[in-house]
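Values reported hereafter were calculated over all heavy atoms of this structure, with side chains retained and with hydrogens, waters and symmetry mates removed. Predicted model, so just to flag it, every value in this text is computed and none were measured.
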Amino acid sequence: MSIFFEKHAPKTFDELVFPSAEMAERFGHYKDGNKFEHILMYGPHGCGKTTIAKMLPKVIVPGIHANDVQFISAAKDASVERIRELADGYMCGTAWNDKDRMFLILDEADTMSTEAKTVLRGALEKNSERLMVILTSNDVSKFDHGLFDRCDDFDFTHGSVTTYLPLAERVLRAENVTVPDEAVVELVKRHSSSIRQLLRALEQVVLGVRKKQMQIAA
């Protein structure tokens with residue numbers, strides 16, 4: 001993994017990068033406590049879905065207890081037996097926090113079997129006043145209408161240069177590296193579908209600039 005991805009990945013809600021201002025506003029309603037329902041985020045690899053999924057519980061319930069958040073990598077641990085176990089246990093439980101909120105994050109949920117998705121679809125009706133299920137997916141076509149219909153869906157398919165440009169500018173400022181505006185815009189255009197790829201490209205630019213600086217200094 002790129003060093004820059006670890007170093008410059010968003011650490012707060014305000015640093016999160018969304019494909020559009022409209023989507024940022026929609027997520028803001030969750031942050032402010034005006035909305036609370038199941039969420040489905042879908043789009044290509046590297047566009048920030050998992051980062052947002054992990055941050056949302058902490059934003060909605062500051063200082064949330066670890067027992068009130070379950071993170072599951074669906075590709076590794078979302079068999080139909082596991083989903084049934086969650087449906088009959090955790091998803092029916094009670095929260096440890098004063099806001100009475102619980103969260104279940106299923107990362108790459110499209111990799112779940114059809115049977116597991118069917119069990120999950122039925123379980124989404126349980127405890128929904130206090131439980132939010134957050135699904136991320138790289139292939140939304142693998143969800144049936146019933147599951148899709150039970151979630152507030154967010155499409156990360158098309159990144160926006162306007163919304164990703166501030167991230168590139170923030171990274172370059174933090175690295176104290178100056179790059180012509182036109183070059184930064186062109187870089188963002190080429191990598192606006194993947195934050196991970198954009199940070200990797202920025203890392204190469206920064207390393208290249210510093211190498212030239214060292215050569216000049218020598």
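Using the six-membered ring where Trp is involved, F27 and Y30 have ring planes that are tilted, between 30° and 60° apart.
Under a 3.5 Å cut-off, the side chain of K142 and the backbone N or O of S137 do not form any donor-acceptor pair. Counting only distance, with no hydrogens or angles, the side chain of E175 and the backbone of V171 share no donor-acceptor pair below 3.5 Å. Proximity of a side-chain donor or acceptor of K117 to a complementary backbone N or O of M112 within less than 3.5 Å is detected. Judged by distance alone, with hydrogens and angles left aside, the side-chain atoms of K49 form a donor-acceptor pair with the main-chain N or O of P44 at under 3.5 Å. T163 places a side-chain N or O within 3.5 Å of a backbone atom of P19 that can act as its donor or acceptor partner.
Rounded to the nearest 0.5 angstrom, D153 CG and D149 CG are separated by 9.5 Å. Atom CG of D100 is separated from atom CZ of F36 by 8.5 Å, given to the nearest 0.5 angstrom. Summarising the geometry, atom OG1 belonging to T136 is positioned 11.5 Å from atom CD1 belonging to I39; distances are rounded to the nearest 0.5 Å. Here L167 contributes atom CG and E15 contributes atom CD; the two are 9.0 Å apart, rounded to the nearest 0.5 Å. One finds the NZ atom of K35 at 3.5 Å from the CG atom of D152 (value rounded to the nearest 0.5 Å). From R150, atom CZ reaches atom NE2 of H38 across 9.0 Å, with rounding to the nearest 0.5 Å.
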Could you walk me through whether T114 and D144 pass side-chain contact (heavy atoms from CB on, under 4.5 Å), step by step?
-> CA-CA 9 Å; T114 300; D144 63 41; over 6 Å; no

Starting from the C-alpha separation in whole Å, work towards a yes-or-no answer on salt bridge (charged side-chain N to carboxylate O under 4.0 Å, His left out) for R82 and E85.
-> CA-CA 5 Å; R82 179 69 167 125; E85 175 188 321; 3.0 Å; yes

Could you go step by step and tell me if F5 and R200 meet the side-chain contact (heavy atoms from CB on, under 4.5 Å) rule?
-> CA-CA 7 Å; F5 188 77; R200 186 175 288 116; over 6 Å; no

Decide side-chain contact (heavy atoms from CB on, under 4.5 Å) for E115 and R84; before the verdict, give the C-alpha distance in whole Å, the side-chain angles of both, and the deciding distance to 0.1 Å.
-> CA-CA 10 Å; E115 189 177 2; R84 285 199 182 104; 3.1 Å; yes

Given F154 and F18, is the ring-ring contact (aromatic ring centres under 6.0 Å, His included) satisfied, shown in steps?
-> CA-CA 10 Å; F154 294 84; F18 300 97; 8.3 Å; no

Could you walk me through whether R101 and I64 pass side-chain contact (heavy atoms from CB on, under 4.5 Å), step by step?
-> CA-CA 9 Å; R101 298 300 195 213; I64 189 169; 5.7 Å; no

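With hydrophobic clusters built from ILVMFWY side chains whose heavy atoms lie under 4.5 angstrom apart, M55 does not share a cluster with L135.
Proximity of D110 to Y42: side-chain heavy atoms (C-beta onward) are nowhere separated by under 4.5 Å.
Side-chain N/O atoms of T12 and D14 include no donor and acceptor closer than 3.5 Å.
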Only pairs under 3.5 Å count here: list side-chain donor-acceptor contacts from residues 68-76, not counting sequence neighbours, and write none if there are none.
| residue | atom | partner | partner atom | Å |
| --- | --- | --- | --- | --- |
| D68 | OD1 | W96 | N | 2.9 |
| D68 | OD2 | W96 | N | 3.0 |
| D68 | OD2 | N97 | N | 3.2 |
| D68 | OD2 | N97 | ND2 | 2.8 |

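Around the CG atom of N34, the shell of radius 6.0 Å holds more than 12 heavy atoms that belong to other residues, nucleotides or ligands.
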